[in-house]
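The structure appears right after this line, and notes come after that.
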Amino acid sequence: MSTVSSAVIDLAPPSISVVLAISPSTYQHGDGEHAIPDLSITATLDASAPKPVTVQTWATIFNLDLALKRRNFIAQDISHDAPTNINLEITKGPKRPGFQRKKGSNDDKYYVMLHPGREVIVAEQPLNIVKRTKEDVYVFQAGHKYRLRLSDEGKNVRTWWWGTTDDVLDEIEGPSKDVSGIEGQGNIVLIVEPVSFTIVE
């Protein structure tokens, strides 16, 4: 059932609070795959938002596998007084020609619905960057503490709509919906604090 009865195109973008969590917060090189920490992202749409929103996650931090390979995140070595940035970008792609805005499609998973004031775990996966090497040397070194935060680019959600996924996505056998009246205008800016982890010796 549709939750949007009229055009909301003039509404300002709502805010989304994001919590990054790494569990466990330590890792030791040489441990098995089972010991790699999990990185999770919990998102909460501002309780004052007048309606739910649906966000497309492909180019956002909510698509963790890609985001940790692009410029969405910044890692910093905070073992010393002056933090040192670590470049996480290893790809600028892959490029996407377009997305299917249809239920049950391969792109269905890239549309996430958020209700005002309700926490949703949007993404969770192993923090595989702890295993990265450069010229056969670990990028994240034993005995060092690191911080993971969003880049300026990573703080933005550019493609979103007012309403639920039922409002936004086409039915499998249904006609294409006109969503021009509920398209979000302007970027949603994510509010998030950094999270830290340690590579133990």
Side-chain angles (χ1 to χ4, degrees), residues 1-21 38-74 92-125 148-195:
M1 179 180 296
S2 175
T3 63
V4 181
S5 57
S6 60
V8 289
I9 203 160
D10 293 331
L11 291 178
S15 63
I16 296 176
S17 297
V18 172
V19 176
L20 304 176
D38 284 329
L39 171 61
S40 66
I41 299 179
T42 302
T44 307
L45 177 64
D46 190 337
S48 66
K51 302 175 185 294
V53 299
T54 295
V55 300
Q56 194 214 69
T57 64
W58 169 263
T60 74
I61 64 162
F62 302 134
N63 182 12
L64 270 177
D65 189 50
L66 183 59
L68 288 167
K69 298 173 184 175
R70 297 173 73 174
R71 293 184 178 179
N72 301 78
F73 285 95
I74 294 174
K92 296 185 182 297
K95 298 292 186 181
R96 285 292 308 260
F99 291 85
Q100 288 184 289
R101 197 170 34 80
K102 185 182 290 289
K103 291 181 179 180
S105 69
N106 290 334
D107 293 332
D108 190 334
K109 62 186 176 182
Y110 296 121
Y111 296 87
V112 172
M113 174 177 59
L114 299 173
H115 287 271
R118 187 183 304 176
E119 289 187 355
V120 176
I121 298 177
V122 180
E124 185 173 15
Q125 72 172 49
L148 189 66
R149 64 179 180 86
L150 299 191
S151 65
D152 289 341
E153 181 176 339
K155 292 177 182 177
N156 291 290
V157 175
R158 294 181 171 83
T159 305
W160 61 281
W161 300 262
W162 290 105
T164 68
T165 48
D166 285 338
D167 299 314
V168 174
L169 301 183
D170 298 334
E171 300 295 334
I172 296 176
E173 301 296 336
S176 296
K177 294 177 180 176
D178 179 4
V179 296
S180 58
I182 60 173
E183 287 179 339
Q185 301 299 305
N187 294 343
I188 292 177
V189 178
L190 304 179
I191 303 170
V192 58
E193 294 294 327
V195 64

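The shown structure was predicted, so the numbers you read here are calculated from the model rather than taken from an experiment. Along the sequence shown, residues carry numbers from 1. All heavy atoms count here, side chains included; hydrogens, waters and symmetry mates do not.
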Atom pair [atom1] ([X]) and [atom2] ([Y]), whose distance is rounded to the nearest 0.5 Å:
X: Gln185; Y: Glu183; atom1: CD; atom2: CD; result: 7.0 Å
X: Thr164; Y: Leu169; atom1: OG1; atom2: CG; result: 8.5 Å
X: Ile182; Y: Trp162; atom1: CD1; atom2: CH2; result: 11.0 Å
X: Arg101; Y: Thr165; atom1: CZ; atom2: OG1; result: 12.0 Å
X: Trp58; Y: Thr159; atom1: CH2; atom2: OG1; result: 13.0 Å

Atom CZ of Arg158: over 12 foreign heavy atoms under 6.0 Å: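 Above 12, so yes.
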Heavy atoms from other residues, nucleotides or ligands near CD1 of Ile121 exceed 12 (cutoff 6.0 Å):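 No, the 6.0 Å shell around CD1 holds no more than 12 heavy atoms from other groups.
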Verdict with supporting geometry, Leu20 and Ile41, side chain to side chain contact (heavy atoms under 4.5 Å, CB included): CA-CA 5 Å; Leu20 304 176; Ile41 299 179; 3.8 Å; yes
Side chain to side chain donor-acceptor pair (under 3.5 Å) partners for Asp38, two or more places apart: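 Listed in chain order: nothing, the list is empty.
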Using every non-hydrogen atom in the two residues, find where [X] and [Y] come nearest and quote the distance to one decimal.
X: Ala49; Y: Pro14; answer: CB-CB, 4.1 Å
X: Val192; Y: Val18; answer: CG2-O, 3.4 Å
X: Gly163; Y: Thr54; answer: O-OG1, 2.8 Å
X: Leu45; Y: Lys51; answer: CD2-O, 3.6 Å

Worked check of side chain to side chain contact (heavy atoms under 4.5 Å, CB included) between Phe73 and Leu64: CA-CA 10 Å; Phe73 285 95; Leu64 270 177; 3.9 Å; yes
Flag, side chain of Asn72 to backbone of Leu68, donor-acceptor distance under 3.5 Å: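 It does not hold such a pair.
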Step-by-step side chain to side chain donor-acceptor pair (under 3.5 Å) determination, Ser105 to Asp108: CA-CA 5 Å; Ser105 69; Asp108 190 334; 5.6 Å; no
Between Ser180 and Asp178: side-chain donor-acceptor atoms closer than 3.5 Å: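 Present: a donor and an acceptor within the cut-off.
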Chi angles and distances behind the side chain to side chain contact (heavy atoms under 4.5 Å, CB included) call for Phe62, Val112: CA-CA 9 Å; Phe62 302 134; Val112 172; 5.8 Å; no
Ser48 and Asp46: CA distance, side-chain angles, deciding distance, side chain to side chain donor-acceptor pair (under 3.5 Å) verdict: CA-CA 5 Å; Ser48 66; Asp46 190 337; 3.1 Å; yes
Steps toward side chain to side chain contact (heavy atoms under 4.5 Å, CB included) verdict (Ile191, Ile16): CA-CA 6 Å; Ile191 303 170; Ile16 296 176; over 6 Å; no
Parallel, tilted or perpendicular, as decided by the 30° and 60° cut-offs, for the rings of Tyr111 and Trp161: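 Geometry flag for Tyr111 against Trp161: tilted rings.
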